[in-house]
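Working notes for the structure below.
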Amino acid sequence: MPNLSIKQRLSLLAMISSVLAAALVSGAFFAYQLTTFRKSMTEDMTATAELIGSQSRGFLELGGTDSEIAAIWSALRNKPHIESACLYRGTNIAAAPYFRDRNAPRLVPLHPGRTGWKFHFFKGRLSGFEPIQLSEETIGAVYLESNLNALYGEFCIYLGLAVVFTLAASLMACLFSLQLRRAIAWPIAHLAETARKISAQGNYKLRARKDSSDELGGLIDVFNEMLEQIQKRDAQLEKARDELELRVQERTRELRQAQQAVMQQERLKALGQMASGIAHDINNALSPIVGFAGLICLNEPELREKSRRHLRHIQTAGEDIAHIVSRLRDFYRARDEEELLLPFCLNKAVEQVVEMTAPRWRTIPRNHGIVIEIKKQFGEDLPLLVGIESEFREVLTNLIINAVDALPEGGLITIKTLARHSKSAHGQPGRVVVEVGDNGIGMDEETRTRCLEPFFSTKGRRGTGLGLSMVYGVMERHEGNIEIDSEVGKGTTIRLTFPVREPRPVGLLEPLDETKCQPLRVVCIDDDPLQRELLKEMLERDGHVVETAASGETGVTVFRSAIGRGEPPDVVITDLGMPHVDGREVARVIKRGAPETAVILLTGWGEFITDEETELSDFDGILTKPPRLGDFRDAFRRIGRARNRRRQGVEAI
């Protein structure tokens, strides 16, 4: 067809269209007739099977002779297309099958088909089973098999009609195409000839002749107008091509930056999802560290100030770790707009981190004959930084440790803070900058580009590759920027830039009351003995009467014993994940037995269970491990106030 002329193509298209239309109509008619005939054959087979079934109920129920089954099969004499039949009692053949051709292979199914299997076409046959029922109970089945000779006869008739109809349509299309060629082919041939001359000569002054005002005339007008614009477009295309190359380069650079940002976020998300699985164990391990350190400070007033300061450092570090654990899911969750950000002194926080990390940058290296110094250059009159102070201490700790690792032979670490003023008329500080620099081994360009990726590390087995990715996550949540300047052999400087913002008012928040509550009867349930001992000592120090239980099952027993003594507990504190009977089941049992008893969930999962609030409706409060005495006091007061409001409401009724 590509080598045919336009006239030949028009004739061929007209004929093909007509033939296809005729074929489609014939095919539709043929398909309809064939479907109808198949349906009528199926209905006839079903009616015949039902007739035989109605005649066979007595034979199947009471038995009979060969003459009786022959009488039943006599109904098939007027059905020449039915070649074989069989009658079944239950799942067995009940009598001699029927075969129209006595010389044909005598084969029928040994068992009837499954219940509900009707007649269907398969391998040139129409066959199937029809169940026989008596008093709504299936007592047997009838099997019939028919040939498709009648269907094939109908097919031949319809096919002959379709061929005749298609030939007639082809003849009509041939006559019509002769007129179509005169009206369409000549203008198109003229337009093609003009285009060939323009292409061969490059003469854009030539024009095609217009003889009509139809679509072909409009096409010639557009063709002539196109010739006028070609020279102008050539110059414009050349200019656009140069500009396009520049735009492609710019867009490619932006796309790579966007891909790197997306990859960074996906890696952080994967890290957060993986790390959240160990949050429970970390919080459980932190509980005795933070709790017993606090108890020592409270119960040992004769401690030396240095020892007391060390204990405070232990508590601060433990609280920071607990906050890091509660923040693990921030790797795959953006910071909540309602999350509380508090102002803190930047220089003071830097002093605390330098002092807490002194063993890492001073003591340990000096034991190996290595001297590392830290030089602090604090800016004056810095505005308060609004954010989460423990996250900032975590960031600075990671940067100092990385700087120490970059000084294997010793050297200098410089920590600088300063304010960058905005360009407004008032010249107020717009951003606060913290720089941590060293004169160590530095990084090459590839390392500097990838250092923020999770799990990327140049320290071998000593490194996890998580430090700078944690820094990146904190800066993203604080809407800050991180800049890295490094050169091999000259050191590295990491610059953190935080926005200066006004803290949101927190006056509506209920302050934490640190005074003691009235003594309560408390049951503490936890499968960790250190947790039970810590809770018992903390709460007994406030004057509460405390019983402990090592499992959920034991806790329920202790609770029921207290109910039996007429001394129901005021509060039950339970862990969430315990074998056999978990914290949810404990809460359900307690609320059924004593609705007035408050149930507090103390769990190492912390904020990771906030999405399960529908499953924690039996708890009056949820506290996160490690436990804090102030949190218990505050929770007990909230529970007491809620209980008083309920009682006042009942009395008012």
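Quick caveat, the model's predicted, so the values are computed rather than measured.
The backbone N or O of Leu412 lies less than 3.5 Å from a partner atom in the side chain of Asn439, making a donor-acceptor pair. A donor-acceptor pair is defined here as one N or O able to donate and one able to accept, closer than 3.5 Å; no such pair exists between the side chain of Lys591 and the backbone of Glu596.
Counting only heavy atoms from C-beta outward, the side chains of Ile484 and Met443 approach each other to under 4.5 Å. At a threshold of 4.5 Å between non-hydrogen side-chain atoms, the residues Thr574 and Phe619 count as touching. Within the 4.5 Å cutoff, the side chain of Leu346 has no heavy atoms near those of the Phe378 side chain. Proximity of Leu535 to Val546: side-chain heavy atoms (C-beta onward) are nowhere separated by under 4.5 Å. Val523 is not listed as a side-chain neighbour of Thr597, based on a closest heavy-atom distance of 4.5 Å or more. In this structure the side chain of Asn481 never reaches within 4.5 angstrom of the side chain of Met475, judged on heavy atoms. With contacts defined as side-chain heavy-atom distances shorter than 4.5 Å, the pair Glu533/Thr548 does not qualify. For the pair Asp526/Cys524, no side-chain contact is recorded, criterion being any heavy-atom separation below 4.5 Å from C-beta on.
When the side chain to side chain donor-acceptor pair (under 3.5 Å) test is applied to Arg253, the partners found at least two apart in sequence or on another chain are Glu250. In this structure Ser551 satisfies the side chain to side chain donor-acceptor pair (under 3.5 Å) test together with Thr554, sequence neighbours excluded. Legend: residues meeting ring-ring contact (aromatic ring centres under 6.0 Å, His included) with Phe636, ordered by chain and number and at least two apart, are His544.
Judged as a salt bridge (charged side-chain N to carboxylate O under 4.0 Å, His left out), the pairs with a partner in residues 547-567 (not counting sequence neighbours) are, in order, Glu547-Arg565, Arg565-Glu567. A side chain to side chain donor-acceptor pair (under 3.5 Å) check over residues 362-380, counting only residues at least two apart or in different chains, returns the pairs Glu351-Lys376. Applying the ring pair (Phe, Tyr, Trp, His ring centres under 6.0 Å) test to every pair with at least one member in residues 558-595, sequence neighbours left out, gives no pairs at all.
The NZ atom of Lys490 lies 14.0 Å from the CG atom of Asp438; values are rounded to the nearest 0.5 Å. Distance check, rounded to the nearest 0.5 Å: CG of Leu407 to OG1 of Thr492 gives 9.5 Å. With rounding to the nearest 0.5 Å, the separation of OG1 in Thr397 from CD in Gln352 is 10.5 Å.
Salt-bridge check for Glu585 with Arg588: passed, with a basic side-chain N closer than 4.0 Å to an acidic carboxylate O. Salt bridge present: Arg360 and Asp405 bring a charged side-chain N and a carboxylate O closer than 4.0 Å. Salt-bridge formation is not detected for the pair Arg541/Glu537: no Lys NZ or Arg NE/NH1/NH2 atom is positioned less than 4.0 Å from an Asp or Glu carboxylate oxygen. In summary, Arg532 and Asp575 do not engage in a salt bridge, as defined by a charged side-chain N under 4.0 Å from a carboxylate O.
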**Request:** Determine, step by step, whether Val586 and Val556 satisfy the side-chain contact (heavy atoms from CB on, under 4.5 Å) criterion, reporting the C-alpha distance in whole Å, the side-chain angles of both residues, the deciding distance to 0.1 Å, and the verdict.
**Result:** CA-CA 7 Å; Val586 169; Val556 171; 4.3 Å; yes

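Put simply, the residue from Ile400, Ile374, Leu396, Val436 that forms a side chain to side chain contact (heavy atoms under 4.5 Å, CB included) with Val350 is Leu396.
Phe344 and Phe392 have tilted rings, their planes meeting at an angle from 30° to 60° on a 0 to 90° scale.
Within 6.0 Å of CD on Glu540 lie more than 12 heavy atoms contributed by other residues, nucleotides or ligands.
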